[in-house]
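Just so it is clear: chains get the letters A, B, ... in the order the sequence lines come, proteins before strands, and each one is counted from 1.
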Number of protein chains: 2
Amino acid sequence: MAREVGMVSASDRNVSIPFDVAKLEDVARKAGVSNATASRALSGAGKVSDTARRRILEAAKQLSYTPNRSAQALKGGRSGMIGMVVPNLSDLFFASCVNAVEAVAMRNSSLLVVAATHDRADRTVDAMKRLLDHRVDGLVLGCSEYLTPLLTRTLRALPVPVVGIDAPLTKAGRPSVLIDNSAAAQRATEHLIANGYQRIISVQVEPTLYTMKERQLGYERAMRDAGLTPETRHVPDATAAQALLRDHQDGRTRRAFLVGNELGARYMIGAAKQLSLSMPKDFAMVSFDDFELAGFLETPLTVISQPTTLIGEAAATKLFRHMLHGTAANSDSEGELETILEASLVIRGSSICRPSPHDSRRSTHT
Amino acid sequence: MAREVGMVSASDRNVSIPFDVAKLEDVARKAGVSNATASRALSGAGKVSDTARRRILEAAKQLSYTPNRSAQALKGGRSGMIGMVVPNLSDLFFASCVNAVEAVAMRNSSLLVVAATHDRADRTVDAMKRLLDHRVDGLVLGCSEYLTPLLTRTLRALPVPVVGIDAPLTKAGRPSVLIDNSAAAQRATEHLIANGYQRIISVQVEPTLYTMKERQLGYERAMRDAGLTPETRHVPDATAAQALLRDHQDGRTRRAFLVGNELGARYMIGAAKQLSLSMPKDFAMVSFDDFELAGFLETPLTVISQPTTLIGEAAATKLFRHMLHGTAANSDSEGELETILEASLVIRGSSICRPSPHDSRRSTHT
DNA sequence: TTGTATGCGTTATCAC
DNA sequence: GTGATAACGCATACAA
């Protein structure tokens, strides 16, 4: 068996039992066959007599042999790892996607290597390269930004399949899994209009992101279609949210806010508390991204909910399909590059005139 | 055979992905030196003439050479990866820890490989073994359970350093980073007592977890010290929470609940809504684990907040220190096996008689 | 200081 | 069917 952990220094009292690092050679010897035969039997490829196979599998089991993935990867096979790049691992949306991707990876006998840019999009390319140094077999890229030329070029050149999340990689010829942000925002806006709101303000925290631009488009479309005037405010922080609410305190017209993400919703809710305003009396609100306690807020919050688990599963599944298909890259291999999943509008109290006492989960799909 | 979601059937797995990246040999040739010299120059170890070194570095840069980590790992060096096992990657607490660990790994030129047990603790050992198949250089183990004999044995035998999070690995001779759950629970209970509550019920969602047992102990100690009678309820779901609140509606004695985790808090808040009860009028509540909107609930929630980022950073830092020390395992290498970080009691409206209108963040350390 | 040769654990290509 | 043997890319003991 490989290397003994011998040479235990005298000071060690809790002597470590040598960990199960049986290698192929050990299995082969124990089964009384050659290295090559053992490999064939274990990998399933190649012809091995039944008796030999049985003995080999038995030996492997007893030694609890598992192949050294580094060696496999070096030899040219798969590394058995996929990579995932996200802005932040503690972000609600991405964490949920990561969790789903990991589950699919596991089911496909792969491990997930994560690399966070920690909200610095300029590190995305670096992160991808580092992942590739480790020979990941594929990549899930969670990136909310528009593709930069550098990123596009890099993506095209990557020697492994890539699937995007949150924003499309279409310009780079790579598939992605998204929701229809524009349609979802439009649907939410129409919901507000249907509830009698005419003065609806789009609240943007990070207007430059792809998703935010899309949501803005949907909002504007709904407003135009209804003959209303779009009105947008950049709210980068809590202070801006307070200013915004102060500007809309005249009390004559009923105001509604369509908020681009959960962070913005927090700013707004905090500002409302500060100013002692309450929804939907003083203003209405719909926000992107659901969270566990949205229904338990002082005023339950109407949100557009993304199917994060489905997104992660779909992206990972698509990735593995491409990996198994074996094309070097996955550029324009299948007809459609963008898989669109459905977001749902979860109507709670913050967007309707008479708030229901309990969390009403009438959800309608966009 | 039922196909699981995300399980990609392998119709053909023949094609390997070409990986035409510069290797050491290319750099050496371009620099006009041997393989070995190039390796020495790039790794920094060994003596190389200045002129050669310059040429080699230049060549490496032009070819944008990065070493093949699989080969390095196989050769016996480090793989440049650390592993992390957690119950769930979308869990607030663990996601935040993972994010911090990843950041530290990055700073140490390592990648983070994650493996989630998806809330099935019996998969922990499997997850660790899979990580080790990939030759991770170290392991962070996030496990809320008590160590089983199998897990203890496995941990002792692991050939790499391990650091625990959330629960101690002391029985396995491994270090860990935790908060003092018992002291935190005691502190919270004392806070309730100081606010006039005498009937304080401990609400447990998963009483068997290590953390929960600890919290229970602290709660009981505080109660005993105050001459009060401990009272514990198992609340595994929303229904149980409703039953609990119904049982305590007599309105004569002021009730307070110490809730073991955020999930329990959700159950309680939901049940309160259903029964049209409100805090702190009808009952008081303190819960473990802070979350973004805890201060914006109908009644801002008093919580015990764990320094998740610090925990992750401390664990990862400790791990890398052990890895650099170079001992195969890290058992009893340093004096103290348990690093205790401070949790803070964030007092909001749910635990005091007259709730302040705004989120009061007077936090006191345990 | 530099180059040659060897081996890490696997898989694949050959002969037998 | 089976078993030697050669890579995979890198690091290093040993020579030069």
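Between the A:Arg174 side chain and the A:Leu155 main chain, a donor and an acceptor come within less than 3.5 Å of each other.
Taking atom CG on A:Leu63 and atom P on C:dG9, their separation rounds to 14 Å, with Å as the unit. D:dT12 atom P lies 13 Å from atom CG of B:Leu74, rounded to whole Å. The nearest whole Å value for the distance from the CG atom in B:Asp133 to the P atom in C:dC8 is 19 Å. When rounded to the nearest whole Å, the span between CZ of A:Arg135 and P of C:dG9 equals 20 Å. To the nearest angstrom, P of C:dT10 lies 13 Å from NE2 of B:His134. The separation between A:Lys47 atom NZ and C:dC14 atom P is 17 Å, rounded to whole Å. To the nearest angstrom, C1' of C:dG9 lies 6 Å from CG of A:Asn68. Computed from coordinates, the A:Lys75 NZ to D:dA6 C1' distance equals 8 Å when rounded to whole Å.
A distance of 12.0 Å separates NZ in B:Lys318 from CD1 in B:Ile165, rounded to the nearest 0.5 Å.
One finds no side-chain N or O of A:Gln72 lying less than 4.0 angstrom from the OP1 or OP2 phosphate oxygen of C:dG9.
Contact annotation: the side chain of B:Leu151 approaches that of B:Met128 to within less than 4.5 Å [non-hydrogen atoms, C-beta and beyond]. Between A:Leu147 and A:Leu169, some side-chain heavy-atom pair lies under the 4.5 Å cut-off. B:Met84 is not listed as a side-chain neighbour of B:Ile82, based on a closest heavy-atom distance of 4.5 Å or more. Looking only at side-chain heavy atoms (C-beta outward), B:Thr124 and B:Leu141 come within less than 4.5 Å of each other.
A salt bridge between B:Arg29 and B:Glu25 is present, with a side-chain N of the basic residue lying under 4.0 Å from a carboxylate O of the acidic one.
When each of B:Ser49 and B:Ala71 is assigned the nucleotide of DNA chain C with its nearest heavy atom, B:Ser49 is the one assigned upstream, toward the 5' end.
Contacts with DNA chain C (heavy atom under 4.0 Å) in residues 23-44 of chain B: B:Val33, B:Ser34, B:Ala36, B:Thr37, B:Arg40, listed by number.
Backbone-only engagement by B:Ala52 is indicated by non-hydrogen atom pairs under 4.0 Å involving sugar-phosphate atoms exclusively.
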